[in-house]
Each structure stands twice: as structure tokens, then as C-alpha cells.
Amino acid sequence: MSETSDLHEQRKAKLEELRAAGINPYPSRYEVSHTIGALTTKYANLPGEELQHLREPFTIAGRLMAKRLMGKTLFGHLRDRTGSLQVYARHDTLGGDLFQRVRRFDVGDFLGCAGTLFKTRTGELTLAVERIELLSKTLRPLPEKWHGLRDVETRYRQRYLDLLMNPEVREVFVKRAAIIRAMREFMLARDFLEVETPMLQPIAGGAAAKPFVTHHNALNRRLFLRIAPELDLKRLVVGGLERVFEINRCFRNEGLSTEHNPEFTTLESYMAYADYADVMQLTEELLCHVAEQVLGALQFGSQGSNLDLTPPWRRITFEDALVEIGGFARDVLRDPARLEAAAAAHAIVKERGAFEAATAHAKLLAKVFEACVEPRLIQPTFVIDYPIALCPLAKASAANPEVAERFELFINGRELANAYSELNDPLEQRRRFVEQARQRSAGDEEAHAMDHDFVRALEYGLPPAGGLGIGIDRLVMLLTDSASIRDVIFFPQLKEEPRLGAELRGESAEAAWSNSDEHPHV
RNA sequence: GGGCCGCUAGCUCAGUCCGGUAGAGCAACGCCCUUUUAAGGCGUGGGUCGAAGGUUCGAAUCCUUCGCGGCUCACCA
């Protein structure tokens, strides 16, 4: 063995040894007879004597996660996607050469093992290895077996190690998949059609947000990554797809935080002949279905709160919430000057920009709401009837044209869903777009962009419809008790890792930074 | 962008207040050990202390700037 202490070099030397012995360290396939989970569920409870009568051969494959060399025997644990099983190799069974090779396998290597089952003195189901093969040689050591991988930065940058070493991380993502599956099943059962609409849009509409910009070479056209699928989904409803939903990504070119990732996943749905009250019903039923499927309960803890999703959920108007929960007097809320003073007392400042008086007032109300009401909405609460100026795509209430038929759902102090009765009056929609365009040209980068085709589509007729958007990442955070959105997204967006290329090439950091193939985009 | 905290061996961490030869456990390497399981025993190697400057006889430690990350405030749905 080489004398070097560099673990990476040591393993490369082992790799060469194997090749020199005529062994392919990266073979193509391995025939597996059982998953480890199948073996343990079937045989872990059988007494040892009965295991000895089993004549069928057991063949398993997995990653070596622990290795205990004991004289002329070796114990290890092999892990596959379904579980982990102890394997036991003996010098007298395998023969000298093979045993020598086996004892030099590293934790992390993928192995295929065939043999018989037995139980050790401590009663652990174990595979007595008769044949063993290397399936993939690792060149880097895994993080430590006992403490695992703790460094948060490494966990996010090298999620594969996080998944490998921290079982609870795997659980979160398994649960994420279960949540999405439950949502999909629920929507399909309600006769919604699952659709996919473009990620690349010529006009980034459907929400108030800054988009990512890109360019299509062949079309020589500027395109945006979508900030919402809303307008395309409503076009589909115009086209007669009366119930549609999409589970997919949105992109917003804004700040990052524990609740914001530049790309995030939403469920968005549209239901013809329904209004926002129907959608509230739908939302309640959907989230209860998900909680029951995934957690098996409507009560659960998350981030220190005990939450109860048992319907019906509280419904409160935007203004009542500001009065009852925010503690503001109703006449203060309705008077722009007094509201501004009250907001200033909470260190809330009015947004800059040339807004119409009603819009400026509504925007300030929204900020006050966010600061003084939102964090206090712990149990599921539908906040309804938002100022119309905040909702350029929502239908005004028949009873009160000042407010939109809109709700947002809050659980544990976070916005989880947003929905409204869709505005389907094309002329009114055009007026709203014109006002947004005016704000846009006055400097509001997040005002909605005019979308002439969308108005044209409405002119062909959109049935009354209730739309819904649910932030799936935040829902997953809620149901997995995660503090940060980065814990529920496999590869959260981070700054470029310094010196990575240098490490892999053995170059200096300076050389890495100046090496142009590191940055093909510049 | 502001504030606070972190960055030391492959991993997990001491050492920083109060400057004086860079440590431990796991992992690795060698030897012993044929039912172990954080196996055990004996031995060995392993570090640009995130980077660059500065102060000092002397810096992981003090100062400055920068990088990356976390939390938080601001901004932002």
C-alpha cells in the first residue's frame, strides 16, 4: 500500500490494485434476488434454526455503510433503498485471496453479496456471504458514522452526502413526494385535468414579481421564466378545460430567505362555475386529505405550534383581521393619513412610487397586515375580501366593489394559499391592466404587465371560475416541521462555491477563477 | 444591504477571552483478534487553522479587508 496519507490518493491506489488484479471496479449490472427491506420483513422475526433450513440463495446489493474487521472474519452493514442488513464474511468461506480483497473494501463502496441467512448471538439477521463482488469503488470517504454530516453549507451543496448520512433528511423528501402525490390524487379524483403550461413566457404575468429574463436565439426573442402559470391556465378554461391544475415550478428574481427560493413549486388550479367560497371548501378538503394521507392526523406540531386542521377553518375579512387581530381602529384603517401615522408607529413605511391614492392606501394596508396580523394567524385562517387594488386579476365583490372576492390561507403565521373568483369581464380586465401598466411605467417593477392575448381570450368568454394557488414548499415545511425552505428543496440556490474547481484539479484558487471553462456563460 | 455567529485533519469538534512547538474521537495505514455492532488491543501517518494584508521577537489566537455559510432586520409575495 502506498505510504501517502491522502485518503483520496490511497483510494485511487486501491483502484489501481484492483485493476491490476483483473477486477473491474465499475461493472455494469448485478442480479439482485431481494431488496434488503424484503428480507428483513420476511425473516427478521424467524428464529435462527428455521433460517438454517432455507436453501434458496439470497442476493443483495447496496452500499457498505459500516465495516468491522475481526481477525479472519468481517462484519459489515449493507444499505439499499429499503433498509440495511448485516453481512458476515469469513476467511474460510471465501478463501485467502478473496478475503484479503474484501477486507480492503472501504465504507462507501457498493457491493453485491450472495449467501445464506442466519442470526448472530445477539439475534441480528445477517447474511453469511458466500460470493461477494465490488459493484462500484468510492474514492472519497463518507462523513463520520456517528455524528454524520452537520455542516449546513456542505449539507446544501452536497445534498447527496446529507441524504446518505442523515436519515431524517431522506424522510423529509420522502414526505414531500407523498404530499405531492396526495395533492395530485385529490385533484384527479375531483375531475381536474393535470396540465403543463410554458415555463418560458413572452410576458411574465399572473403575479406581482420580478422575473428572470432569458433570450431565445432562433426566435431572437426575449423570454421570461414564468412567475405564475395563472394566465395560461385560465386560457385553458376558456378553451373548455373546465377543471385544470398544474403542479410545477415558478421563478421569481427576488431575495432569498428561509421562506423564499428563486424557484419554488406551486399547485395552481381553476374550477369553472365556482367562486372563491367554493375554492375555500376545496382548499380545506384538499389540505385535510393531504394531512391525513401523509401524517395520519389533522392535529400536529410544527415549529413549536400545535396546529389543528379540523374544519371548518376560521374566516375573517381583511379589514376585520386588522381590527381584531392587528388592534387597529376601523376609522384609522380607512383614513390614509391616520393609517400612515399608525403604520409609522410600527416602523412600517409607505412604498415609494407613483400610485393612485386608493392603490397607495391598499399597499400600505397590506404591509401593516403582513407585519401585525400575519404572524399571529397560527391556526388555519382564511382571510377574505382584500382591497380591490391589490388584486388586478380578481373579481370585485358583488356586495362591495371596494373589495375583491379573494382569500389567502394562513397557517402558523405563513401564507400558504391564495385564491379568488377570477375576473372574467374582459373590459374590466383591460382597464386593470392599463392601470398596472401605468404603475409599471411609473417605476413599479412588479406591476402586472399588459397581456393583450389574455384579454382577447377573455373576450371569447371565460366562465365564472375559482382559482387557487398553494405554495407546496411552504406546505412541506409545515408538515415536516422544517424551519427553512432550504430543508425541503433538494438543491437550494446558493452562491458559487469558492475554489471547487481548484480542489478538483489540484490548482491554485487564482487559476480556478481565471480558468475560462469554469465560466462558459461569461 | 445592516447586525450577530461560524469557517481548525476526510468527518465531528477542542484550542481563540488571556499571542509562545496545532490537539482529540471517528475515518485511514500496519500488526493481533473466526458471532462483532460507535467491536477491542498495540503502533503509524495525516493540517496553506476560509483567503490576503497588518501589528509583534513570535499570530489559529489581536487588527483590517475580502470570500462562503447560518440566523436576523431591511427589501421583497
Side-chain angles (χ1 to χ4, degrees), chain A residues 1-11 13-14 48 65-77 84-94 99 103-104 106-108 118-124 126 128 138-158 161 164-165 206-210 227-228 250 252-260 262 264 266 347-349 351-352 363 366-367 369-371 374 390 408 414-418 444-446 469 471 474 483-484 486-487 492 494-500 502-503 508-510 513:
Chain A
M1 183 61 208
S2 116
E3 315 243 310
T4 177
S5 60
D6 184 298
L7 302 174
H8 193 238
E9 291 303 322
Q10 274 181 14
R11 294 216 182 174
K14 282 187 178 180
M65 295 303 292
K67 180 182 150 191
R68 295 179 291 279
L69 189 60
M70 238 194 58
K72 292 193 162 49
T73 68
L74 183 148
F75 287 92
H77 271 94
S84 160
L85 185 73
Q86 181 162 262
V87 293
Y88 175 55
R90 295 169 61 103
H91 180 270
D92 54 11
T93 313
L94 298 182
F99 188 79
R103 56 175 280 162
R104 291 175 60 68
D106 291 300
V107 169
F118 75 105
K119 283 202 169 168
T120 61
R121 281 178 193 156
T122 52
E124 181 169 351
T126 303
T138 51
L139 295 183
R140 291 176 188 261
L142 294 180
E144 197 220 1
K145 60 185 173 188
W146 192 243
H147 298 93
L149 180 66
R150 295 274 175 78
D151 184 76
V152 178
E153 185 174 350
T154 310
R155 288 186 43 226
Y156 292 155
R157 288 198 195 278
Q158 297 180 265
L161 293 179
L164 223 38
M165 303 311 296
K210 290 177 208 157
I227 55 175
C250 293
R252 297 189 183 174
N253 202 346
E254 290 163 359
L256 294 81
S257 76
T258 49
E259 295 179 47
H260 300 83
F264 58 100
T266 61
I348 298 162
V349 285
E351 210 166 313
R352 306 169 300 279
K363 280 180 176 276
K367 293 186 91 172
F369 181 90
E370 196 179 323
E374 201 170 309
L390 297 176
E408 289 193 323
R414 288 201 183 106
E415 179 197 341
L416 214 72
N418 182 21
D444 182 0
E445 286 181 82
E446 297 192 346
R474 290 184 187 175
S484 170
R486 297 185 196 99
D487 293 325
L494 299 175
K495 287 196 190 180
E496 186 175 12
E497 183 176 356
R499 308 187 63 193
L500 174 62
E503 187 208 328
S508 72
E510 293 70 28
W513 284 114

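All values below come from the heavy atoms of this structure, side chains included, with hydrogens, waters and symmetry mates left out.
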Could you tell me how far apart A:His147 (NE2) and B:U12 (C1') are, to the nearest whole angstrom?
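Roughly 5 Å, once rounded to whole Å.
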Which part of the nucleic acid, if any, lies within reach of [X] when heavy atoms closer than 4.0 Å are counted: base, sugar-phosphate only, or nothing?
| X | result |
| --- | --- |
| A:Tyr156 | sugar-phosphate |
| A:Arg155 | nothing |
| A:Asp92 | base |
| A:Glu408 | base |
| A:Ser257 | nothing |
| A:Gly471 | nothing |
| A:Glu259 | nothing |
| A:Lys495 | sugar-phosphate |
| A:Arg90 | base |
| A:His260 | base |
| A:Leu74 | nothing |

Taking only side-chain N and O atoms of [X], does any of them lie within less than 4.0 angstrom of OP1 or OP2 on [N]?
| X | N | result |
| --- | --- | --- |
| A:Lys367 | B:C76 | yes |
| A:Arg68 | B:U36 | no |
| A:Arg486 | B:G70 | yes |
| A:Arg103 | B:C29 | no |
| A:Lys145 | B:A27 | yes |
| A:Arg150 | B:C11 | no |

For nucleotides [N] and [M], find the distance between their [atom1] atoms and express it as a whole number of Å.
| N | M | atom1 | value |
| --- | --- | --- | --- |
| B:G46 | B:C29 | P | 16 Å |
| B:C73 | B:C63 | P | 28 Å |
| B:A9 | B:C49 | C1' | 10 Å |
| B:U55 | B:A38 | C1' | 46 Å |
| B:C76 | B:U72 | C1' | 16 Å |
| B:C32 | B:G50 | P | 40 Å |
| B:C26 | B:U44 | P | 15 Å |
| B:G19 | B:U12 | C1' | 27 Å |

Checking contacts here: which listed nucleotide ([options]) is nearest the side-chain heavy atoms of [X]?
| X | options | answer |
| --- | --- | --- |
| A:Leu494 | B:U72, B:C76, B:G69 | B:G69 |
| A:Arg121 | B:C11, B:U36, B:A39 | B:U36 |
| A:Lys14 | B:U72, B:C29, B:U12 | B:C29 |
| A:Glu124 | B:U36, B:G25, B:U35 | B:U36 |

Compare all side-chain heavy atoms of A:Arg474 with those of A:Glu415 and state whether any distance is below 4.5 angstrom.
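They are in side-chain contact.
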Quick one: the side chain of A:Thr120 and the base of B:U36, do they pair up donor-acceptor inside 3.5 Å?
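Yes, a donor-acceptor pair under 3.5 Å.
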Ignoring hydrogens and angles, are the base of B:C13 and the side chain of A:Glu144 linked by a donor-acceptor pair under 3.5 Å?
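Answer no: no donor N or O sits under 3.5 Å from an acceptor.
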